[in-house]
Amino acid sequence: MSIEDFISKVVYRSAEALYGAIEEGQLQIQKTRKEFEGDYTLVTFPLLRRSRKSPEATATEIGEHIVSSVAEIESFNVIKGFLNLTLSASFWAARFTEMAADVHYGQAAATGRTIMIEYSSPNTNKPLHLGHIRNNLLGYSVAQILKANGHKVIKANLVNDRGIHICKSMLAWQRFGHGETPASTGMKGDHLVGKYYVEFDKHYKAEVKELMAQGQSEEEAKKNAPIICDAQAMLRQWEAKEPAVYGLWQTMNGWVYEGFDVTYKALGVDFDKVYYESQTYLLGKSIVEEGLQKGVFYRRDDGSVWIDLTADGLDEKLLLRNDGTSVYMTQDLGTAFRRFEDNKLDDLIYVVGNEQNYHFQVLKLVLKKLGYAWSDHITHLSYGMVELPEGKMKSREGTVVDADDLIADMVRTAREMSDELGKLNDCSEQEANAISTMVGMGALKYFILKVDPKKTMLFDPRESIDFNGNTGPFIQYTHARICSILRKAQQADVEFDGSVMAIAYLPEEIELVKMLADYPSAVAAAGANFAPSMVGAYAYELAKQFNGYYHDHSILKEERADVRRMRLQLVQQVARVIRSSMALLGIEVPERM
RNA sequence: GGUUCCGUAGCUCAGUUGGAUAGAGCAACAGCCUUCUAAGCUGUGGGUCACGCGUUCGAGCCGCGUCGGAAUCACCA
C-alpha cells in the first residue's frame with residue numbers, strides 16, 4: 001500500500017468516526033509543503049459543513065483522534081484550516097527497508113494495456129534536425145515512462161519514404177551527382193541525399209526565375225519549370241515501379257537509413273516496428289467506401305470524396321482525390337484502423353508537432369463519426385516548435401540546426417569541460433570518451449525534456465551546453481559522487497549490505513527517504529500527463545536534496561558503524577532512483593565524471 | 001476571420017487533480033576547497049502569475065471576455 005493510500009485510509013476512518021460516512025474523494029490529502037512541519041496535510045474546509053465547527057477546531061479534533069488511534073502518526077499541528085500530520089521516524093525506517101528490498105521499485109504492476117506510440121517519422125530526403133531531436137527524445141521517454149507504469153508499449157516509426165520530395169533529391173543526384181556515394185565521399189548517407197535535395201531547390205529556383213523573366217507569372221513558372229515536371233514524371237514512374245527509378249529509390253533510401261541509424265543510436269532511441277509509407281499509402285480507401293455507404297462522407301461532382309465538419313466548427317475536408325488517389329488523411333485513417341485491429345491496441349499515441357493539431361482533430365472526429373469507439377483512445381502528443389535565439393529555424397536561411405552537428409558539439413564541449421576541470425585525468429581514452437558522450441548527451445536530452453512538450457521552446461546553444469544548475473550533468477554528477485562514496489566504502493571494507501538498522505534518522509535523512517518514496521507517484525503523474533519534464537523535475541529535486549545532505553554530513557567518517565551503514569544504504573538508494581528516473585528520460589548515468 | 005495552443009522574476013523554465021507566504025536555474029552580488037569529486041554548497045536582491053469580470057470558504061490553475069504571440073484552416077506530407 002502506498003503512503004498516500006495509508007494516510008487516506010487513516011484520515012477517512014477518523015473523520016467518519018467523528019462525522020459519519022463520507023463519500024470517497026471528498027477529503028483532500030496532499031503532501032505537506034516544505035515550509036511547514038509535517039508529512040501529509042488534510043485540507044479541512046470541505047468538512048466544515050459536517051463538523052459545524054471552525055476550520056481550526058475541526059482540524060484539531062481530527063488530529064487528536066488520529067494521533068490517539070494510529071501509532072504511525074506521531075504528531076500533528078494545525079495552521080488555519082490545514083491539519084498537518086507527522087509520521088514517525090520508525091514508519092519511515094520501515095518504509096525505507098521495504099523499498100530498498102524491492103528489486104522492481106518504481107515499476108508498476110502490469111496493467112494489461114497495450115499502447116502504441118508512433119514517433120520520429122522522418123522524411124527520407126534530408127537529415128534530422130533539432131526539431132526531430134525533440135520528437136525522438138519525447139517519444140522515447142514517454143514510451144519508457146508508460147512501460148514503468150505497467151503498460152505494454154510498442155514503439156513505432158512511420159517512415160515517409162515516398163512522394164515528390166523524395167523524387168527531387170533522386171532527380172538532382174541523377175543529374176548533378178556524378179555517381180557520388182556515401183562511400184566515395186565519406187559523407188553520411190542522409191547528409192549526401194540532403195545535399196541533393198538542396199541542389200534540386202537551387203536549380204528549381206533558377207528555372208522559375210528564368211521563366212518569370214520570360215513573362216510567366218510566379219504561379220505558372222512554379223508549375224512549368226522543367227525540373228519540377230521531371231520530378232513529377234519520376235514519381236509516376238516510381239508508382240509504376242519502373243526498375244531504374246525504383247532501384248535508385250531503394251539505393252538512395254538505403255543510404256538515408258544507414259545515416260539515420262547512426263543518429264538514432266547516438267540519441268539512444270529505438271523502435272519495435274518500422275512502417276514504410278510506401279507500403280501503407282494505399283490503405284484507407286475501404287474506410288472511405290464505408291463512410292460513403294454510411295452517409296458520413298459525400299462525393300462531389302468531380303468524383304472527389306469529402307466530409308463536412310462545419311457543424312463541428314471545422315471545415316470541409318478532402319478524403320480522396322477525384323482521380324481516386326489517397327491523401328494524407330486517407331492513409332492515416334487506414335493505418336489507425338489497421339493498428340488497432342492488428343495489435344489489439346488500447347491506446348495509440350502520435351508524437352507529432354503542433355503544426356498538425358488540426359489534422360489530428362479531424363482524424364479523431366472522422367473516426368468517431370464512423371462509429372469507431374477507439375477514436376477516443378487516439379492521443380496526439382503535440383509538441384511545440386524549437387526556436388533559436390535568432391528566431392525560427394529556416395532551411396532556406398541555413399539556420400537549421402543539424403542533429404548530428406549538435407550531438408558532436410555537445411560531446412566535444414563535455415570533453416573540453418572535463419579536461420579543463422581535470423576530471424578524467426586517470427581514465428583511459430576510451431572511458432573518457434564514453435563519459436563525455438554520456439555527459440554531452442545528458443545535457444542535451446535534459447535541456448530538451450525539461451520543458452513541457454506542448455510549449456514552444458527556445459534552444460540557446462550557449463545555455464544548453466551549460467552544465468551547472470538544473471541540468472542533466474548536475475544530476476549525473478550527483479550520481480557519480482555517490483558511486484565514488486560507495487567505491488571508497490568498499491575499499492575501506494565498510495560493510496553496508498545488511499538490513500537497515502532501526503536507528504534514529506536525522507531530519508535530512510528522512511527528507512531523502514520521503515523523496516525516494518515519492519518516486520512511483522512522480523512516474524505515475526508523468527505518465528498520466530505525457531510529461532517527461534515531471535520526471536526530470538523529480539530527479540533534479542532528489543539530486544539537490546542529496547547535495548545539501550552531502551555537505552552537512554560525512555557519510556564515511558561517521559564513527560558509529562550502524563549509522564554509517566544506514567547512511568551508505570540510503571545513499572545507495574538515492575543513486576539507484578536517480579539512475580532509474582534518468583533511464584526514463586533516456587539519459588545514461590556515469591559512475592564517475 | 002474560424003479553430004487550437006501559449007503568456008509566471010531581467011533571461012530560460014517548473015508549478016499532477018483548485019489549497020497555506022508562487023518555485024528552480026542562469027545572470028548580479030557576498031561567502032565557502034586542510035573535510036567522502038567546487039560540474040558543488042550557503043546567503044542577498046529580484047513578481048500586479050498579460051489584463052478585466054465571474055464561480056468558490058479559497059484561483060497561476062476552472063468559466064466568459066479583452067490584449068499580445070504561435071500553429072493551422074491545400075487535390076503537400
Side-chain angles (χ1 to χ4, degrees), chain A residues 25 28 30 32-36 41 43 45-46 48-49 55 79-82 84 121 123 160 162-165 277 281 302 304 306 310 312-323 325-329 331-332 353-359 361-362 382 384-385 387 392 414 417-418 420-423 439 443 447 450-452 454-460 462-464 466-471 473-474 476-478 480-489 492 521-522 524-529 531 533-534 536-537 540-541 544 547-548 550-557 571 592-593:
Chain A
Q28 284 185 52
Q30 55 200 255
T32 303
R33 290 201 164 208
K34 268 219 175 95
E35 57 268 36
F36 300 102
T41 297
V43 184
F45 296 103
L48 302 186
R49 232 174 4 142
I79 298 171
K80 294 190 198 166
F82 297 89
N84 300 321
S121 310
N123 288 320
N160 296 305
R162 64 165 282 280
I164 188 73
H165 52 291
E277 204 203 307
Y281 78 108
D302 67 356
S304 56
W306 296 73
T310 49
D312 297 278
L314 304 175
D315 300 285
E316 289 179 272
K317 187 80 188 172
L318 175 82
L319 297 170
L320 204 63
R321 294 193 186 101
N322 59 6
D323 61 3
T325 58
S326 54
V327 291
Y328 183 36
M329 186 59 71
Q331 297 169 39
D332 261 8
N354 64 10
E355 72 267 20
Q356 291 193 35
N357 285 356
Y358 183 76
H359 172 79
Q361 219 180 332
V362 172
S382 163
M385 315 253 114
E387 292 183 356
K392 288 179 196 161
M417 200 88 90
S418 302
E420 205 174 303
L421 294 171
K423 295 274 184 187
V439 173
F447 186 83
K450 78 176 172 187
V451 348
D452 180 357
K454 70 180 171 218
K455 286 187 174 170
T456 301
M457 68 169 287
L458 185 96
F459 186 86
D460 186 340
R462 284 190 316 268
E463 220 176 293
S464 71
D466 194 345
F467 296 168
N468 303 318
N470 187 1
T471 62
F474 170 84
Q476 291 172 315
Y477 175 66
T478 305
R481 265 181 167 177
I482 294 176
C483 290
S484 164
I485 291 170
L486 297 176
R487 271 194 306 272
K488 291 202 162 127
S521 50
N529 293 290
S533 53
M534 296 175 84
Y540 176 60
E541 271 309 314
K544 237 173 67 155
N547 272 309
Y550 173 91
H551 263 265
D552 295 342
H553 304 281
S554 50
I555 294 158
L556 289 170
K557 300 196 173 144
V571 151
R592 70 180 75 215
M593 64 183 272

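Here is how names work: the chains are called A, B, and so on, in the same order as the sequence lines, proteins then strands, and each is numbered from 1. Keep in mind that this is a model prediction, so the values were computed, not measured.
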> Between the side chain of A:Lys450 and the main-chain N/O of A:Asn470, is any donor-acceptor distance below 3.5 Å?
yes
> Which parts of nucleotides 70-76 of chain B does protein reach within less than 4.0 Å, heavy atoms only, written one letter per nucleotide 5' to 3' as B for base, S for sugar-phosphate only and - for none?
SSSS-BS
> Across the strands shown, which category fits A:Ala526 at heavy-atom distances under 4.0 angstrom: base, sugar-phosphate, nothing?
nothing
> With sugar-phosphate meaning primed atoms plus P, OP1 and OP2, does A:Val43 contact a base, only sugar-phosphate, or nothing at under 4.0 Å between heavy atoms?
base
> According to a 3.5 Å limit on both distances, what stems of 3 or more consecutive Watson-Crick or G-U pairs are formed with RNA chain B?
B:1-7 with B:67-73, B:10-13 with B:23-26, B:28-32 with B:40-44, B:50-54 with B:62-66
> Looking across every strand, which nucleic acid part, if any, lies under 4.0 Å from A:Phe447 by heavy atom: base, sugar-phosphate, or nothing?
nothing
> Starting from the 5' end of RNA chain B, give me the residue, A:Tyr540 or A:Leu314, whose nearest nucleotide shows up first.
A:Leu314
> Determine whether the side chains of A:Asn547 and A:Tyr477 contain a donor N or O and an acceptor N or O closer than 3.5 Å.
no
> What does A:Pro46 touch in the nucleic acid at a heavy-atom separation under 4.0 angstrom: a base, only the sugar-phosphate, or nothing?
base
> Can you see if the side chain of A:Asn468 gets near the phosphate of B:rG25 - specifically, an N or O under 4.0 Å from OP1 or OP2?
no
> Nearest whole angstrom, please: distance from the C1' of B:rG69 to the CE of A:Met457.
18 Å
> When rounded to the nearest Å, what value does the distance between C1' atoms of B:rU21 and B:rG65 take?
31 Å
> Using the rule given for side chain to side chain contact (heavy atoms under 4.5 Å, CB included), can you reason through A:Met385 versus A:Lys392, listing the C-alpha separation, both sets of side-chain angles and the distance that settles it, and then say yes or no?
CA-CA 8 Å; A:Met385 315 253 114; A:Lys392 288 179 196 161; 5.9 Å; no
> What nucleic acid atoms does A:Ile555 come within less than 4.0 Å of, heavy atoms only: base, sugar-phosphate, or nothing?
base
> So A:Ser521, base contact, sugar-phosphate only, or nothing? Heavy-atom distance under 4.0 Å.
nothing
> On a whole-Å scale, what distance lies between the P atoms belonging to B:rA50 and B:rU12?
15 Å
> Just how far is it from atom CZ of A:Arg162 to atom OH of A:Tyr281, taken to the nearest 0.5 Å?
5.5 Å
> It should be established whether A:Ser554 places a side-chain nitrogen or oxygen under 4.0 Å from OP1 or OP2 of nucleotide B:rC36.
no
> Students often get this wrong, so: under 4.0 angstrom with heavy atoms, is A:Glu277 touching a base, only sugar-phosphate, or nothing?
sugar-phosphate
> Take A:Arg321 and A:Asp323 through the salt bridge (Lys or Arg N to Asp or Glu O under 4.0 Å) test and state the conclusion after the steps.
CA-CA 5 Å; A:Arg321 294 193 186 101; A:Asp323 61 3; 5.2 Å; no
> Would you find a donor on one side and an acceptor on the other, under 3.5 Å apart, between the side chain of A:Thr478 and the backbone of A:Lys544?
no
> When the nearest nucleotide of RNA chain B is assigned to A:Met593 and to A:Glu541 on a heavy-atom basis, which residue is associated with the more 5' position?
A:Glu541
> What nucleic acid atoms does A:Phe474 come within less than 4.0 Å of, heavy atoms only: base, sugar-phosphate, or nothing?
sugar-phosphate
> Can a side-chain donor-acceptor contact be found between A:His359 and A:Asp332 if the only test is distance below 3.5 angstrom?
yes
> Round to a whole Å and report the spacing from CD1 of A:Ile482 to P of B:rG40.
15 Å
> Checking only heavy atoms, does the side chain of A:Lys423 share a donor-acceptor pair with the base of B:rU37 at less than 3.5 Å?
yes
> Expressed in whole Å, how much space separates the P atoms belonging to B:rC32 and B:rU16?
39 Å
> Taking only the side-chain nitrogens and oxygens of A:Arg33, find out if one of them lies under 4.0 Å from OP1 or OP2 of B:rG19.
no
> Are A:Phe82 and the base of B:rA20 stacked, counting only ring centres nearer than 5.5 Å and planes tilted under 30°?
yes
> Does the B:rA39 base have a donor-acceptor partner in the side chain of A:Asn547 within less than 3.5 Å?
no
> Suppose you measure atom P in B:rC6 against the same atom in B:rC13; what distance do you get, rounded to whole Å?
15 Å
> Give a yes/no on whether any side-chain N or O of A:Lys544 is located under 4.0 angstrom from OP1 or OP2 of B:rA24.
no
> Between atom CZ in A:Arg49 and atom C1' in B:rU56, what is the gap in whole Å?
13 Å
> Should A:Lys455 be listed as having a side-chain N or O under 4.0 Å from OP1 or OP2 of B:rA14?
yes
> Work out how far the P atom of B:rG23 is from that of B:rG60, and round it to whole angstrom.
13 Å
> Check this for me: does the side-chain of A:Thr471 come within 3.5 Å of the base of B:rA39 through a donor and an acceptor?
no
> Please work out if A:Gly163 contacts a base, only the sugar-phosphate, or nothing of the nucleic acid, heavy-atom cut-off 4.0 Å.
nothing
